[in-house]
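Heads up: the structure comes next, in structure tokens.
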2 protein chains.
Amino acid sequence: MAIHKKEEFTQKEQDLANFAKAMAHPARIAILKVLAQRNACICGEIVDLLPLAQSTVSQHLKELKNAGLITGTIDGPRSCYCINWKAFEKFNSEFSFLFANLKLKNEKACC
Amino acid sequence: MAIHKKEEFTQKEQDLANFAKAMAHPARIAILKVLAQRNACICGEIVDLLPLAQSTVSQHLKELKNAGLITGTIDGPRSCYCINWKAFEKFNSEFSFLFANLKLKNEKACC
DNA sequence: ATCTTATATCGCAAATATACGATAAGACTA
DNA sequence: TAGTCTTATCGTATATTTGCGATATAAGAT
């Protein structure tokens, strides 16, 4: 890439983009589903459920964690992961607001 | 990348991921804002408002179009772009459903 | 027909993302 | 202490994304 231009956008735009980026892979969406459906949250269980290698799952978990969508705490030799509902709610409402805001201002498309 | 594994997830997971991917750049979020705030929809106006080259904006528009988030029609020598509200609503509700579904099943985090 | 204007596409370079196996790190167990 | 189990990180290969300038295309103007 020539130069990074992402910084030239507003913080909110960057935040939303980062959130979207974290969700921009089916494996990560599947992981979020697993984390919610069971209260288990153990890395190994996720590995068993997904068609991916352990290291790959670990990488996806790290990205979700970096994006703030999940939290991870060490539980003996295991790692317990859980969804960060607060962040989720925040981004969900931010998205909804964006959509609502857009829709409000321009109900019908011009093309 | 070794092998593509994205196909091994459900179609819904892939759809959501693709939607998120389309939103996963501040420039594209900014474009969506511009498309909504003005009824203009002209490519050149977007170029003027963003800190990006014309070709780069055109590429982002193409990606948004490929993702189905916007529509584009040729208007003489110009291109008129508009938000595809239908797709937007669909994905928004799908996201909301995902969030709600997750939150319902697991109110409190275990870690 | 030629020029201008607006947009799309091509071709390239650099950054990121994605995937895996190998290995390190940390915590229980014998 | 040594062995085992679980998870994280490293190193590497490839795909994709991102960005730009250059060029092609298409429509209107001269």
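Each chain gets a letter, A, B and so on, in the order its sequence line appears, and its residues count up from 1.
- A:Glu63 is linked by a side chain to side chain donor-acceptor pair (under 3.5 Å) to A:Arg28, counting only residues two or more places apart in sequence or in another chain.
- Going from atom NZ of A:Lys21 over to atom C1' of C:dT18 covers 12 Å, rounded to whole Å.
- Electrostatic pairing of B:Lys12 and B:Glu94 does not count as a salt bridge here, judged by no charged N lying under 4.0 Å from a carboxylate O.
- Atom NZ in B:Lys5 sits about 16 Å away from atom C1' in D:dA15, given to the nearest Å.
- Put simply, NZ on B:Lys6 is 12 Å from P on C:dA17, counting in whole angstrom units.
- Of the candidates D:dA8, C:dA19, C:dT7, D:dA8 carries the atom nearest the A:Ser79 side chain, counting heavy atoms from C-beta on.
- As judged by a 4.0 angstrom heavy-atom cut-off over every strand, A:Lys65 is placed among residues making no nucleic acid contact.
- The OH-C1' distance, from B:Tyr81 to C:dT7, rounds to 8 Å in whole Å.
- In this structure, NZ on A:Lys62 lies 12.5 Å from CD1 on A:Ile70, to the nearest 0.5 angstrom.
- Rounded to whole Å, atom C1' of D:dG19 lies 12 Å from atom CD of A:Glu8.
- Between the CD atom of A:Gln59 and the C1' atom of D:dT9 there is a distance of 9 Å, given to the nearest Å.
- Between A:His60 and C:dA17 there is no side-chain polar atom (N or O) within less than 4.0 angstrom of OP1 or OP2.
- Scanning all heavy atoms of the two residues, the minimum distance from A:Ala17 to B:Ile29 falls at N-CD1, 3.6 Å.
- The residue A:Ser58 sits close to a base: some heavy atom pair falls under 4.0 Å.
- The nearest whole Å value for the distance from the CZ atom in B:Arg78 to the P atom in C:dT4 is 18 Å.
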Evaluate the salt bridge (charged side-chain N to carboxylate O under 4.0 Å, His left out) criterion for residues B:Lys6 and B:Glu13: first the C-alpha distance (whole Å), next the side-chain angles of each, then the deciding distance (0.1 Å), finally the verdict.
CA-CA 9 Å; B:Lys6 287 183 180 175; B:Glu13 284 163 354; over 6 Å; no
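- Note on A:Glu63: only backbone sugar-phosphate atoms sit closer than 4.0 angstrom, heavy atoms only; bases stay farther off.
- The CZ atom of B:Arg28 sits 9 Å away from the P atom of D:dT17 (whole-angstrom rounding).
- The residue among B:Ser55 and A:Thr56 whose nearest nucleotide of DNA chain D lies closer to the 5′ end is A:Thr56.
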